Structures are given as structure tokens and as C-alpha cells.
Amino acid sequence: MAVNLADLNFYRAVNPDLAGFNDPEAFSHLINAGLNEGRVFSPYIDLNLYRAVNTDLAAAGLTSNRQLYDHLQNAGVAEGRTFSPVFDANFYRAANPDLAAAGLNNEQLLDHFRAAGINEGRASAPSFSVSFYIAANPDLQAAGFNFQQALQHYVFAGIREGRTAAPGGPVAPPPPPPPTDPGNTPGSALNVGTLIGTRAFDQFVGFDDREDYYRFDVNSPINFNLYLDGLSASADVSLYEDINRNSVIDSGELIQNTNQYNGASSEVIFRNLAVGTYFVLVKADSEGRNTNYNLRLVNENSEAVDVGLLNGTRTFSEFVGRTDPRDYYRFNLTSPSSFNLTLDGLTATADVLLYEDKNNNGLIGFSDELIGNTNQYNGTNTESISRNLPSGNYFIVVTGDGANTNYNLQISATPGVSPQSANPINLSDSAISEVNVDPIINPRSFNTANESAIQTFTANGSDLTGGLGNATANLLLNESFTGGNDFANLLAANPMETPDFSQGLALI
């Protein structure tokens with residue numbers, strides 16, 4: 001059994017850019033982007049605390065927020081693991097004999113506390129009793145805080161301010177510090193571990209810290225995307241493979257270097273990566289000018305929606321934009337079929353591409369395997385692809401132009417037709433250069449030595465340079481109760497007043 005961790009009302013309330021999202025849209029954003037951006041999605045769940053306390057998870061390769069979220073919902077809550085400064089299942093059971101008598105398991109106890117226990121003022125953790133917290137803090141009483149608002153105040157301000165929240169109890173430890181600054185050499189690189197889903201990093205390079213190194217592992221061939229943006233000065237990003245696994249960057253191990261240094265423009269790398277160990281280097285420009293940056297490393301294979309056998313019609317309502325620029329779908333046909341695709345419901349321009357996995361390697365060969373591309377980018381018009389396809393494996397990519405948009409994707413296949421000749425779309429050399437094959441480094445990759453290749457590919461919508469700013473939630477939550485944000489007014493809206501725990505946890 002899995003427990004629902006996401007509080008979508010709260011997620012929208014503390015992330016103003018998501019205010020207009022409905023529940024499916026908000027949940028999709030959380031799963032596909034928000035988690036690995038570090039956005040707060042519940043006052044009861046702290047994934048940094050979960051990571052810090054449960055060290056066996058990192059040893060098992062569970063390092064990203066998405067991996068921790070999945071483990072917590074599917075196993076961690078049931079196992080009684082620590083994941084919150086305001087809720088402990090074993091304590092909650094012992095402090096409330098009626099719940100113990102009812103035989104509630106750990107997942108049911110969490111649901112009870114969120115839906116009822118908090119409003120009843122029940123003690124819920126060794127360091128937290130919401131009724132004590134309000135009684136011990138007259139400023140909260142004067143602000144008219146209810147129990148839910150008081151809990152949120154404790155999580156986002158009270159812990160940092162050192163307030164005691166339980167009778168004679170300890171002050172909860174402060175939140176774990178953010179990840180350490182990436183090292184300045186390959187040997188001291190920030191170890192990302194096995195790259196699954198999206199890993200996002202907000203860091204800095206400049207005069208006193210010119211180089212940041214990241215290391216990650218690939219356990220099976222992947223379509224890899226790298227995005228570097230949020231720059232205020234020029235910076236460069238390079239991708240290397242540690243071919244001999246010596247934790248040193250040797251001659252011949254450079255795979256690609258954006259090598260732009262032409263301002264604060266966003267930079268991207270798209271590659272097919274083989275099994276191995278890789279380094280990413282973010283480097284300040286030759287003058288060492290200071291700049292913050294946002295780096296995202298994406299394993300697109302693990303984020304693709306696996307449709308399976310397509311026989312009939314399937315519909316998906318999803319989102320692409322600044323924080324989630326591309327959505328991937330894969331499906332297979334066991335017999336020649338008439339295939340139809342429609343993309344609509346757009347509020348900004350987007351494009352859709354159809355690929356055939358001709359060599360059945362589970363990867364998108366960007367040049368010779370592209371068989372359909374709407375390539376419009378000219379508004380919010382409905383886009384479509386219709387083809388007679390042979391049996392085989394296929395990928396669909398929905399990609400935006402940098403602006404946020406919801407979309408509806410409908411795909412259908414009717415077996416029993418003679419397939420058309422699936423000649424690949426002829427992409428000119430100015431758009432994508434000749435494909436290189438290197439059995440050691442990459443089975444298939446772009447050769448982007450010529451900068452015009454990147455520029456033209458940008459015109460096709462693969463480089464979303466719209467400035468991928470992070471959510472303002474972290475800024476809001478890092479303010480103290482007496483700081484620049486008015487928590488009394490924020491919490492008066494009380495996004496937890498009518499919590500909705502009914503959302504399913506399957507990808508919507």
C-alpha cells in the first residue's frame with residue numbers, strides 16, 4: 001500500500017507560479033519537475049531530513065528527491081522511518097491510546113493526523129505538540145493562528161528560531177544543510193550517483209570559485225539532457241566520460257563543450273550516453289566573473305511515460321515549460337498499424353516529434369530515426385501526425401519553446417494496414433551534424449563542434465532558453481516569521497484548512 005504524500009492545495013499556495021494549475025496539472029508538475037527542483041509540497045514531509053537520517057538509502061543509490069519521494073510513499077512511511085519534525089508514527093500511536101486501540105498502521109496514522117489529529121491539537125512527535133506550541137507563544141495567539149497554521153509556522157520559522165514546541169521537550173534539530181558546494185577537481189566532484197530522473201543544482205562560479213565538478217553514473221544507455229541557465233555572466237559547461245574509471249579527466253575523454261562564453265544565454269547538451277561514469281564541469285569565463293547558475297542533469301529514459309502496446313486510443317494531459325521543457329512517451333506496435341497523433345489545448349507554442357527506434361536500443365537516434373515532426377512553433381494551433389507504421393518501437397517527444405503551456409496529447413493505432421515507407425526526415429547538416437559512432441564513449445551522439453549546429457537546433461525548439469528560474473517558494477520559506485514575509489497573512493489563507501488527500505499517486 002502507498003500513502004499519498006502530496007498536498008496539492010499547499011503546493012499551489014507556496015508556489016505562486018502554479019496557482020492556476022488544477023489538481024492533475026499540479027501533481028504532474030510536482031512529479032516531473034517540482035520534486036527535483038526542491039519545491040516544498042507538504043508541511044509534514046521533509047525529504048532533506050529523510051535523506052539525512054536514513055543513510056542506507058543513499059548507499060542503495062536513492063539520492064534524488066524523486067527517488068526519496070517514491071521510497072517514502074511506497075515503503076518509508078509504512079516502515080516507521082523518520083521523515084518529519086512534526087510527526088512520528090510510533091510516538092503518535094503511543095501518545096493517543098484510542099488510535100492504538102483502533103489498530104491503525106503507520107500509514108493510517110499519518111493520514112489521521114493530517115486529516116483530523118492536527119485540528120484536534122494532538123501531540124504528534126517527541127519535539128512537537130501543536131497545542132503546546134500555541135500556548136507557549138503569545139505572538140501566535142495574537143496573530144489568531146489555528147493549529148494548522150501553527151504547525152506551518154513551526155516548520156518554516158519556529159525550528160530555525162529555536163522555539164520549543166513540546167512540554168519540557170527538546171528543540172527540533174535545524175533542517176539539514178543544503179548539499180555541499182561541488183568540488184573544484186574531478187577527484188572532489190559532487191557525486192550525484194546513478195542518474196535517474198532529473199537532478200537540479202543551484203550553485204555559483206566566479207573569481208574565487210572558478211570550476212564546479214559533478215560526477216554521475218549511467219547503468220544502462222540513456223538519452224541525456226543537460227541544461228545550464230539562470231546565468232548573470234558568461235559560463236561554460238563541459239561533459240566528459242571517465243573511460244578508464246580513474247577519477248581523473250584524461251586526454252580524449254571530452255564528449256562535448258558548449259564553449260560559448262557569449263553572455264548569459266542558456267546552454268544545453270543532448271547526448272546518448274552508454275554505461276559508464278561521467279563528469280560535468282561548470283566553469284566561469286576567462287575573467288572569472290561571478291554568476292549563479294542552475295544546472296539540470298536529466299535521464300530522459302527514466303522519465304518517459306511507457307504506454308506499452310498501443311492498440312486503440314490513449315490520451316494524456318500534461319505540461320511543458322521552463323522547468324519541464326520536454327516530455328517523452330514510448331509505445332510499441334506488434335503489427336502494421338494506422339497511427340494518428342493530435343496535440344492541442346495549448347496556451348503557448350509547442351511541437352511534437354515522432355521517432356522510430358529502428359535498432360531497438362531503447363534510445364532516440366535524433367537524425368535517422370525521426371519520422372514525423374509538426375515543427376510549427378507558430379502559436380497554439382492544433383498539431384497532428386498521421387502515418388501508417390510498421391510493427392516496432394516508437395518515441396514521442398513534446399517540447400515547448402520556453403513558455404509554460406498545458407497540452408492534451410491523443411494517440412491512436414488501428415492494426416491491419418500496410419505500412420508506408422518510414423523514410424526518416426532529412427535534417428540538413430546545418431541543423432544536426434553528422435552522427436558520430438564511438439563504441440567506447442557513446443553509441444550515437446551529436447557532433448556539435450560547429451556552433452551553428454546548436455543554433456539551428458535551437459530554432460527547432462530543442463534548446464529552451466527562456467530562463468529556467470526556480471520557484472519563489474524557497475525564498476518565501478527561508479524568511480523568518482519576523483522577516484520580510486508576512487506569515488500571518490500568508491497562513492491566514494490557510495491552504496491546509498480543507499486538505500485533499502484523495503489524489504492518486506500514479507502519474508496522471
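Every value quoted in this text rests on a predicted model; they were computed, and no experiment measured them.
For the side-chain contact (heavy atoms from CB on, under 4.5 Å) test with Leu110, the passing option among Glu107, His112, Arg114 is Arg114; the others fail. Each of Arg296, Glu300, Arg271 was checked for a side chain to side chain donor-acceptor pair (under 3.5 Å) with Asn225, and the lone residue meeting it is Glu300.
Below 30°, between 30° and 60°, or above 60°: for Phe224 and Phe216 the angle between ring planes is below 30°, a parallel geometry. Relative ring orientation between Phe156 and Phe10 is described as parallel, the plane-to-plane angle staying below 30° on a 0-90° scale split at 30° and 60°.
Using a 4.5 Å heavy-atom threshold, the side chains of Tyr407 and Ser317 count as separate. In this structure, the side chains of Tyr214 and Leu281 stay at 4.5 Å or more apart for every pair of heavy atoms. Side-chain contact between Leu341 and Leu354 is absent, with no heavy atoms from C-beta onward closer than 4.5 Å.
Checked by atom type and distance alone, the side chain of Asn54 never pairs as donor or acceptor with a backbone atom of Leu57 at under 3.5 Å.
Sorted by first then second residue, the salt bridge (charged side-chain N to carboxylate O under 4.0 Å, His left out) pairs that include residues 67-78, not counting sequence neighbours, are Arg66-Asp70.
Minimum heavy-atom separation, Leu190 to Pro182: CB-CA, 4.0 Å.
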Ile411 and Leu409: CA distance, side-chain angles, deciding distance, side chain to side chain contact (heavy atoms under 4.5 Å, CB included) verdict: CA-CA 7 Å; Ile411 58 176; Leu409 174 68; 4.2 Å; yes

Worked verdict on Tyr394 versus Ile371 for side chain to side chain contact (heavy atoms under 4.5 Å, CB included): CA-CA 10 Å; Tyr394 296 86; Ile371 59 175; 3.9 Å; yes

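A cation-pi arrangement is absent between Arg51 and Phe83, since the terminal nitrogen or guanidinium carbon is not both under 6.0 Å from the aromatic centre and inside a 45° cone about the axis.
For the side-chain hydrogen bond (donor to acceptor under 3.5 Å, both in side chains) test, no residue two or more places apart in sequence or in another chain qualifies with Thr82. Applying the side-chain hydrogen bond (donor to acceptor under 3.5 Å, both in side chains) rule to Asn311 yields no partners; only residues at least two apart in sequence or on another chain are considered.
The six-membered or imidazole ring of Phe316 lies near that of Tyr329, with a centre-to-centre distance under 6.0 Å.
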